[in-house]
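First up is the structure itself, then whatever we jot down about it.
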Amino acid sequence: MTEVLRLAGGGGSAIDSRSALIAIAAAPILDQLPATEQRRLARAAVPRDIRRGEVLFRAGEVSGGLHLVRSGVVEIRLEGEAGHVPIAVIGPGDLVGVSAAAGDVAAPWSAVALESGEVITISPVALDAAVSAYPEVGQHLTSLFERRRRWAQAIESNRAPFSSPKNGRVIAVHSPRGGGGTTTVALGIAGILAQDRPQQVVVVDLSLPFGRCAYWTRSTPTTSLARIEQAPSRYRDDIVASAVSMDSGLGLLPAVLRPEEADLLTPEAITRAVQVLRREFEFVVIDVSLDLLGLVRAACQRADDIVTLTTPDFPSLRDTSAFLDWMESLRHRVRLLLNHPARAGAVGSRAIRRTLAIEELAELPHDEELVRASGRGERWPPLEVSSFRLTRSLESLTQHLFLRQPEEAETEKAAAGRRRWILG
């Protein structure tokens with residue numbers, strides 16, 4: 001028997017306000033507000049314990065405010081005569097009741113606590129004042145509401161994007177040395193795959209400790225792998241499946257939303273997330289821009305293909321050679337890719353092949369235009385094969401490695417044998 005959650009009005013105690021401020025400062029989207037506005041929201045916020053089975057709001061009702069889940073688990077569900085259908089499972093650090101940001105709009109779904117915990121509720125009046133002063137925050141909240149509404153409509157009409165189990169292909173993109181272009185290549189590959197498989201490609205952003213993919217894809221994720229680890233273990237798979245942001249048409253799940261969360265990330269969290277996502281998507285691309293060996297190994301062990309980037313200089317080649325030795329048992333999955341971040345490399349291609357003891361080597365050309373655009377902070381569109389020279393080369397690479405039919409790949413392999421090939 002469920003109980004409707006009754007929220008008290010008025011401000012809380014000084015202790016409650018401090019607790020609310022800590023939560024709001026770390027909350028997705030709300031963390032974009034200046035500190036003065038966060039303090040104002042905290043003074044107006046109402047922390048509240050919730051019990052398993054409590055209803056935060058029902059479908060057809062106004063949500064009563066924006067609810068920040070501080071602990072526990074909340075399910076967003078569609079109600080019907082035959083029972084309810086889950087839309088998403090929301091864990092600690094995420095938001096519920098985002099319809100409050102769209103004005104006096106009734107929620108098309110219900111929100112019910114699956115596990116006891118605490119929510120911090122920001123009243124519609126306080127929220128409206130914040131989004132009026134800072135419209136970008138309101139736009140992000142409204143976009144999140146629209147994203148969940150589209151998802152609910154797809155589920156209701158039996159067109160859910162995650163309706164049938166898959167066995168997706170996992171591609172890890174890694175460079176043993178910083179500055180190799182890992183994020184650029186990972187997003188480029190993912191964007192090109194998404195053109196061929198719309199809504200069926202997700203990027204896992206392991207570019208610790210800050211995360212880069214949300215900025216470059218114009219996405220607004222609301223949770224992370226580190227935060228999902230704070231939820232009860234039996235709900236983590238469902239939260240992972242619900243956590244993917246599809247703002248750009250390309251799915252994104254970050255490892256962290258804030259740098260301090262990096263300490264909470266574990267190899268088990270990466271393994272679990274990849275296992276879940278490969279059942280939901282046709283392609284899972286992992287941006288492995290980190291040097292924590294336990295996390296790197298966890299990502300690479302779950303990958304079908306490991307795209308290893310190196311640059312034409314001896315320090316990078318030395319690290320790449322050491323990485324290949326360290327990953328000896330997975331060497332057959334590695335696809336080496338030579339990236340040229342500068343006009344001319346210090347080491348020629350022949351010396352590189354000799355140093356790495358390989359014959360086949362794919363190369364990405366130097367792209368001065370992309371370097372300048374990135375330096376200016378311009379967010380290049382990963383879902384478009386633009387005029388950038390590098391993205392045209394990545395299109396050829398992606399088509400060659402990941403989008404050919406199996407029979408085409410076998411025919412080419414038998415005919416070509418071992419060779420060196422250059423893209424771009």
Side-chain angles (χ1 to χ4, degrees), residues 17-47 63 65-70 88 90-103 105 119-149 183 187 203 205 207-228 230 242-248 250-262 264 376-382:
S17 294
R18 287 198 296 272
S19 175
L21 178 57
I22 292 171
I24 290 170
I29 302 178
L30 300 180
D31 64 352
Q32 300 175 27
L33 293 168
T36 53
E37 187 65 24
Q38 290 177 357
R39 287 194 292 271
R40 191 186 67 79
L41 287 180
R43 288 193 295 270
V46 180
S63 67
L66 181 66
H67 310 292
L68 169 58
V69 181
R70 193 172 186 201
I90 307 299
D94 209 337
L95 302 172
V96 178
V98 288
S99 59
V105 176
V119 296
I120 294 174
T121 299
I122 299 170
S123 71
V125 173
L127 182 64
D128 184 63
V131 300
S132 296
Y134 303 94
E136 286 191 6
V137 170
Q139 290 170 7
H140 288 312
L141 289 171
T142 302
S143 295
L144 176 58
F145 172 59
E146 292 299 331
R147 183 203 313 166
R148 289 177 178 172
R149 182 156 62 180
T183 298
L187 289 179
V203 174
D205 184 2
S207 53
L208 299 180
F210 299 105
R212 306 184 185 100
C213 295
Y215 174 82
W216 294 113
T217 60
R218 301 176 175 87
S219 298
T220 310
T222 61
T223 192
S224 64
L225 290 181
R227 295 188 181 199
I228 293 171
Q230 308 310 300
S242 305
V244 176
S245 166
M246 299 292 293
D247 293 330
S248 65
L250 178 67
L252 175 64
L253 179 58
V256 300
L257 292 185
R258 299 172 65 85
E260 58 267 26
E261 294 176 11
L264 303 176
R376 292 191 297 266
E378 296 179 8
R379 292 184 270 196
W380 60 288

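- With sequence neighbours excluded, no residue forms a side chain to side chain donor-acceptor pair (under 3.5 Å) with Thr142.
- For the residue pair Ala255 and Leu208, the shortest heavy atom distance occurs at CB-CD2, 3.9 Å.
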Could you list the donor-acceptor pairs under 3.5 angstrom formed by side chains in residues 34-42, with sequence neighbours left out?
unit_1 : atom_1 : unit_2 : atom_2 : d
Glu37  : OE2    : Arg40  : NE     : 2.9
Glu37  : OE2    : Arg40  : NH2    : 2.5
Gln38  : NE2    : Leu30  : O      : 3.3
Gln38  : NE2    : Leu33  : O      : 3.1
Arg40  : NH2    : Ala126 : O      : 3.0

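- You'll find the side chain of Leu95 reaches within 4.5 Å of the side chain of Leu141, heavy atoms only.
- Closest heavy-atom contact between Leu187 and Cys213: CD2-SG, 4.0 Å.
- Residue Asp205 holds its CG atom at 11.5 Å from OG of Ser245, rounded to the nearest 0.5 Å.
- In this structure, the side chains of Val256 and Pro209 stay at 4.5 Å or more apart for every pair of heavy atoms.
- Between Glu261 and Pro254 there is no side-chain heavy-atom pair separated by less than 4.5 Å.
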Residues Leu144, Thr222; criterion side chain to side chain contact (heavy atoms under 4.5 Å, CB included); working and verdict: CA-CA 9 Å; Leu144 176 58; Thr222 61; 3.7 Å; yes
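- Taking the side chain to side chain donor-acceptor pair (under 3.5 Å) definition, one finds that Glu260 meets it with Arg258, sequence neighbours left out.
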Show me the donor-acceptor pairs, under 3.5 Å and distance only, between side chains in residues 131-140 and residues at least two apart or in other chains.
unit_1 : atom_1 : unit_2 : atom_2 : d
Ser132 : OG     : Asp128 : O      : 2.7
His140 : ND1    : Thr220 : OG1    : 3.2

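- Annotation: the span from Thr121 atom OG1 to Leu68 atom CG amounts to 9.0 Å, rounded to 0.5 Å.
- The side chain to side chain donor-acceptor pair (under 3.5 Å) test applied to Thr223 returns no partner, not counting sequence neighbours.
- Expressed to the nearest 0.5 Å, how far CD1 of Ile120 lies from OG of Ser19 amounts to 5.0 Å.
- A donor-acceptor pair under 3.5 Å is formed between the side chain of Ser207 and the backbone N or O of Arg212.
- Nearest heavy-atom pair across Ser219 and Thr217 is OG-OG1, 2.9 Å.
- Rounding to the nearest 0.5 Å gives a distance of 6.5 Å between CG of Leu127 and CD1 of Ile122.
- Residues passing the side chain to side chain contact (heavy atoms under 4.5 Å, CB included) test with Pro92, sequence neighbours excluded: Gln230, Ala231.
- Listed by first and then second residue, the salt bridge (Lys or Arg N to Asp or Glu O under 4.0 Å) pairs involving residues 92-103 are Asp94-Arg148 (not counting sequence neighbours).
- Rounded to the nearest 0.5 angstrom, Ile228 CD1 and Leu264 CG are separated by 12.5 Å.
- Looking at every heavy atom in both residues, Leu253 comes nearest to Ala243 through CD1-CB, 3.8 Å.
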